[in-house]
Amino acid sequence: MEQKEKLLLYKSIALKMMEQYGKEGAYSRIKEAIQIIKAFAKYNEPIGNSLGILGIINSIIIQSERLK
């Protein structure tokens, strides 16, 4: 997948989460997911690029305007 396609996918996911949970709810859910993945990493479990992906989605949520 090309970089531009990835960014569009991340933005789409962030927008869907904000529509479903609101901005604060989406932010909280992503933060919780990051903490879970960090717990797995602590025990040397493979996490791939999960933290990077969640970090990008989290940034999109933080930088977005509140949805109506």
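It should be emphasised that the depicted structure is a prediction, and the values quoted were computed from it without experimental measurement. In what follows, residues are counted from 1 in the order of the sequence shown. Heavy atoms only: backbone and side chains are in, while hydrogens, waters and symmetry mates are out.
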Point-to-point distance, once rounded to the nearest 0.5 Å, from NZ of K11 to OG of S64:
10.0 Å
Within one Ile-Leu-Val-Met-Phe-Trp-Tyr cluster: L15 and L8, side-chain cutoff 4.5 Å:
no
Are I62 and M18 linked, directly or through intermediate hydrophobic residues, by side-chain heavy-atom contacts shorter than 4.5 Å (ILVMFWY only)?
yes
Look at atom CD of E5 and say whether more than 12 heavy atoms of other residues, nucleotides or ligands are closer to it than 6.0 Å.
yes
Residues that Q3 engages under side chain to side chain contact (heavy atoms under 4.5 Å, CB included), provided they are two or more places apart
K6, L7
Under the side chain to side chain contact (heavy atoms under 4.5 Å, CB included) test, which residues partner I13, sequence neighbours left out?
L9, M17, I57
Report all side-chain donor-acceptor pairs from residues 26-44 shorter than 3.5 Å, counting only partners two or more places apart or in another chain.
from : atom 1 : to  : atom 2 : distance (Å)
S28  : OG     : E24 : O      : 3.1

